[in-house]
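For reference, the structure is listed below as structure tokens.
None of these values were measured; they are calculated from a predicted model. Letters go in sequence order (proteins before strands), and every chain restarts at 1.
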There are 2 protein chains.
Amino acid sequence: MTSVAGPIPRRERARAATVDEIKATALELMHEQGTTDVRFTDIARVMGMTPPALYRYFADRDELLVALITDAYNDLGDAVAAARDAVDEEDIRGRWIAAAGAYRQWALREPQQFSLIFGLPVPGFVAPQEGPTTEAASRALSQLAAMFADASRRGRLDPPLVRTVPDSLRDCVAEEQKFSDIAPESFQAMLHAWASLHGITSLEAYGHLDWMDPEARDALFLGQVRLAAQTAGLPADRDAAATEVDPAAVPGT
Amino acid sequence: MTSVAGPIPRRERARAATVDEIKATALELMHEQGTTDVRFTDIARVMGMTPPALYRYFADRDELLVALITDAYNDLGDAVAAARDAVDEEDIRGRWIAAAGAYRQWALREPQQFSLIFGLPVPGFVAPQEGPTTEAASRALSQLAAMFADASRRGRLDPPLVRTVPDSLRDCVAEEQKFSDIAPESFQAMLHAWASLHGITSLEAYGHLDWMDPEARDALFLGQVRLAAQTAGLPADRDAAATEVDPAAVPGT
DNA sequence: TCAGCCGAGTTACGTTGCTTCACTAAAGCG
DNA sequence: CGCTTTAGTGAAGCAACGTAACTCGGCTGA
């Protein structure tokens, strides 16, 4: 999209490549060490550079973290959107389950990035309230919301199990014109579904379900997600709608 | 309880007091700075000591963190248990809501401790798989489980919305003799409820619901928790049972 | 072509925090 | 009263962050 603006800024591509390599190396190290801690020294060593060289690309550790957090938001949003869009638009519940599965798989695959987004700020790092992260922050939620909005527009949303919406919450929703396509009670149901998904995901990602077999964790997750779908009024596909919520009937995540 | 064992070990009490002061100071600093990072230097300065003195009490920063994590587990478990037991045993759903509210309030009050338990290991800190934390780790969950077990023993558990339990999950539950009082489907429902509670709690504790008014957050939480209760088969109290799930009808958390 | 610019990267350095070690001093105990 | 035990200190090593001054190589414009 920016390729027209100039004669392919040559120098900048090398720079961008280095920036990407730094971020990739940082993620790699976080992955190896299992923490969100990154030492500039280590990144530099892996990249065959000396630590001060990194300051050409990031003013300090915080700036690198901000970049990583922004990327993480985008990654998660993309993963969720891709999984969702891979399922037939008519299969409302199938889309939700696919999106939820992507959310989970991403978290399990990249617990550090998940932690960057959904955990406490990294030690010594003050979250920039006004910054590039804020904009990207709602992307994952937006992907879920878009799904509800689509379904709503098609008239495929059933009333959720919780039909009453307290005034305070209703007012809040009204202010978010981005979600104006969704009825307040469905918006509330979406938040409930998201929280439910997020809860099972973070418990698993942080090892609090390690006492269960992997298959049991799969089953628990599917049950949770299908339960959320049902209570949120996401209609089951014709095939699956016959019985009660039944995680075992769904193919593995 | 140990006061009989000896002539009141004088010296050890001062030591225990210092240990407590160190932990309290660490928490205070974490609270001030909003991170789970603790600098030995700062703790020492606040306490009017030099940093090396702390090594008389904790071998290193990790050991202090382990102690803090253990305390956090116990604190949370105690808070949940206390809130639960403050409600009439007959009011099954009321006990759940009280316990859930305590879980949430504790997390909001002590986000750093919450993060210590439910987040990624702190940078440079390797979670001791075999250690004092493991034992205390399941206490919060145990408190919730105890509630379900009580209700089950009294025959006050309704069948949950999700009645099918995949074999893999069923096998898992069977191995946990601690939970033998609970039917597998109710155990599954309890995990679903816990995940749901944990999700809404951690989203809020980490600021991902900051775009909502505080009252709206209260309402959303109550809706989530009551929804979880309903789907898990926790019977509503007579008074509240009349209508649909209605968060607005419940007094503020 | 070449003089100069620009930016990547380096070495050297100051600072801070973790941790060890050797030592002091005070409190308990026989 | 003298021994032991232990809290605490100062000095020092080490590692990581971050700054500053310098080098080097490629690009650019007259």
Side-chain angles (χ1 to χ4, degrees), chain A residues 6-30 32-68 121-126 128, chain B residues 5-30 32-68 112 121-126 128:
Chain A
I8 312 168
R10 307 234 315 132
R11 203 64 192 172
E12 301 196 2
R13 232 178 329 154
R15 184 177 179 82
T18 306
V19 167
D20 285 347
E21 189 185 347
I22 292 173
K23 294 193 289 191
T25 307
L27 289 178
E28 186 185 318
L29 288 170
M30 293 191 333
E32 277 175 18
Q33 304 175 359
T35 73
T36 53
D37 197 14
V38 210
R39 272 177 286 276
F40 262 37
T41 305
D42 292 347
I43 299 175
R45 183 177 38 72
V46 170
M47 291 180 65
M49 292 168 37
T50 55
L54 298 180
Y55 289 84
R56 291 272 173 209
Y57 302 92
F58 297 96
D60 52 17
R61 231 166 101 268
D62 284 6
E63 200 172 291
L64 172 58
L65 283 174
V66 170
L68 291 175
V122 169
F125 166 73
V126 281
Chain B
I8 313 167
R10 307 235 315 133
R11 203 63 195 167
E12 300 196 1
R13 230 176 332 151
R15 184 178 180 83
T18 307
V19 167
D20 286 347
E21 189 186 347
I22 292 173
K23 293 194 289 191
T25 307
L27 289 178
E28 186 185 319
L29 287 171
M30 291 191 334
E32 276 176 20
Q33 306 176 356
T35 72
T36 53
D37 199 14
V38 210
R39 272 177 286 276
F40 260 37
T41 305
D42 291 348
I43 299 175
R45 183 178 37 72
V46 170
M47 292 181 64
M49 292 170 36
T50 54
L54 298 180
Y55 288 82
R56 292 276 172 205
Y57 303 93
F58 296 96
D60 52 17
R61 231 167 101 268
D62 284 7
E63 200 173 291
L64 172 58
L65 284 175
V66 171
L68 291 176
Q112 287 78 33
V122 169
F125 165 74
V126 281

How would you label the contact of F58(B) with the nucleic acid (heavy atoms, under 4.0 Å): base, sugar-phosphate, or nothing?
-> nothing
Give the rounded distance in Å between these two atoms: [atom1] of [X] and [atom2] of [N].
X	N	atom1	atom2	result
M49(B)	dT6(D)	CE	C1'	13 Å
E12(B)	dT5(D)	CD	P	14 Å
Y57(B)	dG8(D)	OH	C1'	8 Å

Pairs meeting criterion ring pair (Phe, Tyr, Trp, His ring centres under 6.0 Å) with involvement of residues 44-64 of chain B, two or more places apart | F40(B)-Y55(B)
If you look only at distance, which donor and acceptor atoms sit under 3.5 Å apart when one is on a side chain in residues 23-30 of chain B and the other is two or more places apart or in another chain?
residue	atom	partner	partner atom	Å
K23(B)	NZ	D71(B)	OD2	2.9
T25(B)	OG1	E21(B)	O	2.6

So what does the secondary structure string of DNA chain D come out as, 5' to 3', with Watson-Crick or wobble pairs under 3.5 angstrom, [ ] for crossing and | for pairs with another strand?
-> ||||||||||||||||||||||||||||||
Let me have a per-nucleotide readout for nucleotides 16-21 of chain D, 5' to 3', with B, S or -, counting only protein heavy atoms under 4.0 Å.
-> SSBB--
So do the side chains of L64(A) and I43(A) get within less than 4.5 Å of each other, counting heavy atoms only?
-> yes
Span of DNA chain C in contact with chain A (heavy atoms, under 4.0 Å) = dA8(C) to dA12(C)
Can you name the side-chain contact (heavy atoms from CB on, under 4.5 Å) partners of T41(A), sequence neighbours left out?
-> P51(A)
D60(B) side chain to E63(B) backbone, donor-acceptor under 3.5 Å = yes
Which atoms form the tightest heavy-atom contact between R56(B) and R15(B), and what is the distance?
-> O-NH2, 2.5 Å
Considering all heavy atoms of both residues, which atom of R61(B) and which atom of V38(B) are nearest to each other, and what is their separation?
-> NE-O, 3.0 Å
